[in-house]
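Only this structure's heavy atoms are used, side chains among them; waters, hydrogens and symmetry mates stay out. We count ligands from 1, going down the list as the structure has it; atoms in each ligand are counted the same way.
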Amino acid sequence: MNIILIGAQGSGKGTQADLLSEHLGFAHVASGDLFRKAIDERTELGMQAKVYIDRGELVPDDLTVSMILNRLEEPDCAQGVILDGFPRTIAQAQALDSGLAGAGKQINLALYLEVPREELLTRLSGRYICKANQHVYNIHTRPPKTPGVCDIDGSPLYQRSDDTGEAVQRRLDIFFNETIQLLGYYDRQGKLVTVNGNQQIDSVQDDLLAVIRNHTSA
Ligand code: AMP
């Protein structure tokens with residue numbers, strides 16, 4: 001089963017995708033994480049993407065689509081995936097549909113995590129992620145046990161440069177002007193379900209799992 005999680009920066013998408021991946025045994029494929037890994041490893045793709053990421057802009061579709069379609073061919077994606085951060089444009093969604101169709105697969109569900117913009121800004125200002133595996137913390141709502149250190153892998157926590165200043169506003173503008181159009185795209189395919197993301201982490205996860213179970217038993 002292939003699921004897309006749609007949500008603005010700070011909506012809890014990454015956290016929920018991790019939990020879903022654990023519960024369902026599907027691979028968690030996060031475009032932002034793949035880019036940050038490529039930047040850390042100083043690959044050609046990483047160097048090209050960094051310019052856009054630092055400005056809070058979208059990386060061009062050709063780079064992004066091929067990175068994701070290659071990732072989806074890996075064996076751990078065979079049973080299903082939770083896509084996080086991709087697609088972000090209609091062109092990406094179309095490329096994903098045709099890429100999957102070529103492999104006899106499709107997107108089964110698109111889940112939208114709805115959170116008001118003011119709440120997103122509050123969450124992003126306190127967000128820290130770990131260097132090793134991108135585990136997400138929030139100094140206000142979900143602090144690590146030891147300040148500055150990841151509970152899970154012990155690596156240092158840092159604040160993303162694109163979570164502050166102008167870049168964060170630009171990223172939210174892109175989400176609410178452009179990525180939001182995906183809701184219509186998946187709604188027309190009968191695949192969209194909206195979930196209230198403005199609740200405790202466990203409640204959001206319960207709601208997401210209920211939607212997925214409903215879908216699989218339908
Ligand atoms: P994220 O961690 O999902 O917020 O992604 C961080 C940054 O990576 C974004 O602000 C974009 O610059 C880039 N990025 C991630 N996913 C995509 C995508 N689907 N299309 C274009 N750029 C992306």
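- When only non-hydrogen protein atoms are considered, atom 12 (O) of ligand 1 lies nearest to E57 O, 2.5 Å.
- For the atom pair CZ of F175 and CD of E178, the computed distance is 11.5 Å after rounding to the nearest 0.5 Å.
- Any N or O atom pair closer than 3.5 Å counts here, and S31 shares at least one such pair with ligand 1.
- For the pair D163 and R171, the salt-bridge criterion is met [side-chain N within less than 4.0 Å of a carboxylate O].
- Heavy atoms of R160 approach ligand 1 to within less than 4.0 angstrom.
- Protein heavy atom in closest approach to atom 4 (O) of ligand 1: R171 NH2, 2.9 Å.
- Using a 4.5 Å heavy-atom cutoff, the side chains of L157 and Y137 are in contact.
- From the protein, the heavy atom lying nearest to atom 20 (N) of ligand 1 is Q92 NE2, 2.9 Å.
- Residues A91 and D61 share a closest heavy-atom pair of CB-OD2, 3.4 Å.
- Among all heavy-atom pairs drawn from R170 and G56, the shortest one is CG-O, 4.1 Å.
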Quiz item: Can Q199 and D207 be said to form a side chain to side chain donor-acceptor pair (under 3.5 Å), step by step?
Solution: CA-CA 10 Å; Q199 323 177 62; D207 287 0; 2.9 Å; yes

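- Geometrically, ligand 1 and G56 share no nitrogen or oxygen pair separated by less than 3.5 Å.
- For atom 23 (C) of ligand 1, the closest heavy atom belonging to the protein is F35 CE1, 3.8 Å.
- At under 3.5 Å, a nitrogen or oxygen of R36, whether backbone or side chain, sits near a nitrogen or oxygen of ligand 1.
- Relative to atom 8 (O) of ligand 1, the option among D61, D54, I53 with the closest non-hydrogen atom is I53.
- Against a heavy-atom cut-off of under 4.0 Å, T64 is close to the following atoms of ligand 1: 18 (C), 19 (N), 20 (N), 21 (C).
- Of the protein's non-hydrogen atoms, the one nearest atom 9 (C) of ligand 1 is R88 NH2, 3.9 Å.
- For the side chain to side chain contact (heavy atoms under 4.5 Å, CB included) with Y112, the lone residue among I180, I4, L5, D187 that qualifies is I180.
- Placement of L24 and L111 within a single hydrophobic cluster is found when ILVMFWY residues are connected by side-chain heavy-atom separations under 4.5 Å, directly or transitively.
- What sits closest to atom 22 (N) of ligand 1 on the protein, heavy atoms only, is V59 N, 3.0 Å.
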